[in-house]
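These notes concern the structure reproduced below.
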Amino acid sequence: MTDLLNAEPTYIYVYIGFLRYIAPVLAVILLFRCIKPLLTFRREPEIWAWLCLSDGTKLPITHWENVIGRSKRSDIVINAATVSKTHGVLTRYDDGSWSIADTDSSDGILVNGEKIDIQALQPEDVITIGGIEMKLQPISRRQEAQLAKMRTKGSSFVTGLSNVLLLTVFQVLCCLGYLMGGQAETARSVLLGFGGIVLSQWLLLLFNVCIRRTSFEVETIAFFLCTMGMAAVAAVCPEEALKQLLAMEIGLAGFLVIGWALRDLERAKKIRYLAAVAGIGFLVITLLFGKEYYGAKNWLVIGSFSLQPSELSKVCFVFVGASAMDRLVKKRNLILFIVYSVAVCGCLALMNDFGTALIFFIAFLVIAYLRSGSIGTLALALTALGFAGVVALKIAPHALQRFASWRHIWEDPLGAGYQQTKALMCMASGGLLGMGPGRGWMKNVFAADSDVVIATITEEWGLVMTAMIIVSIAALAIFTVRSASVGRSSFYTIGACTASSILVAQTILNALGTVDVLPLTGVTFPFLSNGGSSMICAWGLLAFVKAADTRQNASFAVRLNKGRVDSHE
């Protein structure tokens, strides 16, 4: 390191020394400003209607999809022996209309004395559930407008603008650091890589302003992570900066398309079926025509272009798992989803891609619990996973080798444990503030910008910056959980919770695998790892997180109704 500094002009290592201190400070300030409103917004239930029973009791309806039944887990609890545990589902639509659907209850549901499967409701309709008569009393337009005003407001445009300005300063400083210490032949690629991110975030902010959406915290966090990912690329393989930028642009386009699809719940339901076919189709095509790398047949190579279709299948899987409440409570639909999940994991097992299979299984557990609420279902699934894992280790030497070196990397530091031992040493040398952009040794290790990218970031930018990256992913997950309690549709709630679970699971497997706390599975770090498929998937998953944001004027996936206050779908 001393020789390197002596060979450089004084102004370069003075600037690098300055950057080592100022970059963590800027990152902490930026993330504090973005994360605080996500974790502190008011979560108060919204009453959209009243269910008026014949005895004068009025039951509040606080969601757009509500399970009616005797079970304590129901949204609307009617404690009568004649009512099934999950008797029916009451649903509100974007135009303010309501419907009620029977969920295979023992006595069915009557509307005006006639048994129905699903029925649109009129103001004077008499609903009979388990022999108990009731009427639906929706809130008025005026009450709805007042309700909208009471919702937590999203951040102002000024806040979003100042956050993006702060992030831009951070990005410019990072880019200059790599340009000063890099090679002249790769300077253009690095400059365009960082510049492309800056331009993209400003254009997206402008788009949000044009559609009257002012909250930009979720996107700012994602662009911060992409910036650190570009830093890893600039350190390890700067010639690939433009390719990573292109992947981010495609992912950003997917983010907007999925957000558009989620604006209309009925449209999103239809897309589920297309997503189901596409998700399994990607895997089947990979099985038939894929190339095997390092024991896993999970890549499609077309000329100079390579793609990992299983990453795209993750987004499809979230679409398939999310569903409207009237379908969730029917066992037949849960069974079909289990069959679909088994087919997906079976394809991944045949491809020897057990790291990705584990991610899908975690997503399945989240969806299965949210759909059934049954701990027994999860226990059965975890037992099945244990047996499947034993079988996988017996038939797949590739997977067994990873487990054989787990917790024993120092016994073979030049062989099976090479990546992780070098990662640990480089992370230790980085300390709290890092060695500076381009000053690390980790770039000489295989997959330093993907499988063990967290070590590259820690060595060059320090433990403080790494902690900020981990906190960013954790904040998105906590925000999703907080939003779920006031979610109006199970589709948005399940989609957001599953998407954030995938992001968290990948973060844990990548980060802890790098430091040998968990086996190194080759799972990518969301937004950070170099890889087009991974980047596209991360932005696609982020769209579900964004769609769950019910604050005023916060999400582009929430439609603004003309002529009155906005309402969530």
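Worth saying up front: this structure is predicted, and the values here are computed from it rather than measured.
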Are Phe18 and Val14 close enough, and set up right, to give a side-chain contact (heavy atoms from CB on, under 4.5 Å), and what steps lead you there? CA-CA 6 Å; Phe18 163 76; Val14 168; 5.6 Å; no
With a 4.5 Å limit on heavy-atom distance, are the side chains of Tyr15 and Thr10 in contact? no
Nearest 0.5 Å, what's the CZ-OG distance between Phe157 and Ser162? 9.5 Å
Going from OG1 on Thr220 to CG on Leu205, what distance comes out if it is rounded to the nearest 0.5 angstrom? 7.5 Å
Please enumerate all residues that pass side chain to side chain contact (heavy atoms under 4.5 Å, CB included) together with Lys443, with sequence neighbours excluded. Val236
Does any N or O in the side chain of Arg482 come within less than 3.5 Å of the main-chain N or O of Phe41, such that one atom is a donor and the other an acceptor? yes
Would you tell me whether Asp451 and Gln419 have side-chain atoms, one donor and one acceptor, within less than 3.5 Å of each other? no
Does any N or O in the side chain of Glu460 come within less than 3.5 Å of the main-chain N or O of Gly438, such that one atom is a donor and the other an acceptor? yes
Regarding Ser189 and Glu239, do their side chains bring together a donor and an acceptor under 3.5 Å, going by distance alone? no
Answer yes or no: is there a side-chain heavy-atom contact under 4.5 Å between Thr168 and Trp202? yes
Is the closest side-chain heavy-atom distance between Lys291 and Leu300 below 4.5 Å? no
Side chains of Tyr273 and Val320: does their closest heavy-atom pair fall under 4.5 Å? no
Say whether Thr159 and Ser156, considering side chains only, have a donor N or O and an acceptor N or O under 3.5 Å apart. yes
Output for pair (Thr458 OG1, Met465 CE), nearest 0.5 Å, gives 10.5 Å
Under 3.5 Å: donor-acceptor pair, side chain of Ser500, backbone of Cys497: yes
Does the side chain of Cys226 reach to within under 4.5 Å of the side chain of Gln201, using non-hydrogen atoms? no
Ring pair (Phe, Tyr, Trp, His ring centres under 6.0 Å) assessment of Phe224 paired with Phe170: CA-CA 9 Å; Phe224 166 74; Phe170 176 82; 5.7 Å; yes
Residue pair Glu217 / Ile35, side-chain heavy-atom distance below 4.5 Å: no
Using 0.5 Å steps for rounding, measure from the CE atom of Met180 to the CG atom of Leu19. 9.5 Å
Atom CZ in Arg33, atom CG in Asn163: separation rounded to 0.5 Å? 4.5 Å
Ring centroid separation Phe544 to Phe319 under 6.0 Å: yes
Would you please say whether a donor-acceptor pair under 3.5 Å links the side chains of Ser534 and Thr524? yes
Could you tell me whether a side-chain N or O of Asn444 sits under 3.5 Å from a main-chain N or O of Trp441, the two making a donor and an acceptor? yes
Main chain of Asp353, side chain of Thr356: is a donor-acceptor contact present, judged purely on distance under 3.5 Å? no
Answer yes if the ring centres of Trp299 and Phe289 are under 6.0 angstrom apart, and no otherwise. no
Could Arg267 and Trp260 be counted as a cation-pi pair, given that NZ or CZ must be under 6.0 Å from the ring centre and within 45° of the axis? yes
Is it true that a side-chain atom of Thr466 and a backbone atom of Gly462 form a donor plus acceptor pair closer than 3.5 Å? yes
Once rounded to the nearest 0.5 Å, what's the spacing between atom CG of Asn208 and atom CG of Leu203? 11.5 Å
Indicate yes or no: at least one non-hydrogen side-chain atom of Val318 is less than 4.5 angstrom from one of Ile367. no
Restricting to non-hydrogen atoms, name the atom on Ile12 and the atom on Arg439 that form the minimum distance, rounded to 0.1 Å. CG2-NH2, 3.3 Å
Return the minimal non-hydrogen interatomic distance between Gly321 and Ile494, and the atom names on each side. O-CG2, 3.9 Å
Looking at every heavy atom in both Ala187 and Leu179, which two are closest together, and how far apart are they? O-CD2, 3.4 Å
Step-by-step side-chain contact (heavy atoms from CB on, under 4.5 Å) determination, Asn510 to Leu520: CA-CA 7 Å; Asn510 182 281; Leu520 186 63; over 6 Å; no
Ignoring hydrogens and angles, tell me if any N or O in the side chain of Tyr178 forms a donor-acceptor pair with the backbone of Ala235 under 3.5 Å. no
Search all heavy atoms of Ser501 against all heavy atoms of Val366 and return the closest pair with its distance. OG-CG2, 3.4 Å
Non-hydrogen side-chain atoms of Phe360 and Ser313 separated by less than 4.5 Å: yes
Gln420 and Gly513: which non-hydrogen atoms are nearest, and at how many Å? NE2-O, 2.8 Å
Just by modelled atom types, is the Gly193 backbone N or O under 3.5 Å from a matching donor or acceptor in the Gln244 side chain? no
Do Leu30 and Leu26 pass the side-chain contact (heavy atoms from CB on, under 4.5 Å) test, and can you show the C-alpha distance, the side-chain angles, and the key distance before you say yes or no? CA-CA 6 Å; Leu30 173 68; Leu26 291 176; over 6 Å; no
side-chain contact (heavy atoms from CB on, under 4.5 Å) between Glu219 and Phe216, worked out: CA-CA 6 Å; Glu219 294 91 335; Phe216 203 66; 3.7 Å; yes
To check you understand the geometry: which heavy-atom pair defines the closest contact between Gly259 and Ala543, and what is its length? N-CB, 4.3 Å
According to the interplanar angle, ranging from 0 to 90°, do the rings of Trp539 and Phe527 count as parallel (below 30°), tilted (30 to 60°) or perpendicular (above 60°)? perpendicular
Sidechain-backbone polar pair: Tyr492 side chain, Leu262 backbone, donor-acceptor under 3.5 Å: yes
Is a side-chain N or O of Ser533 found less than 3.5 angstrom from the main chain of Gln308, in a donor-acceptor match? yes
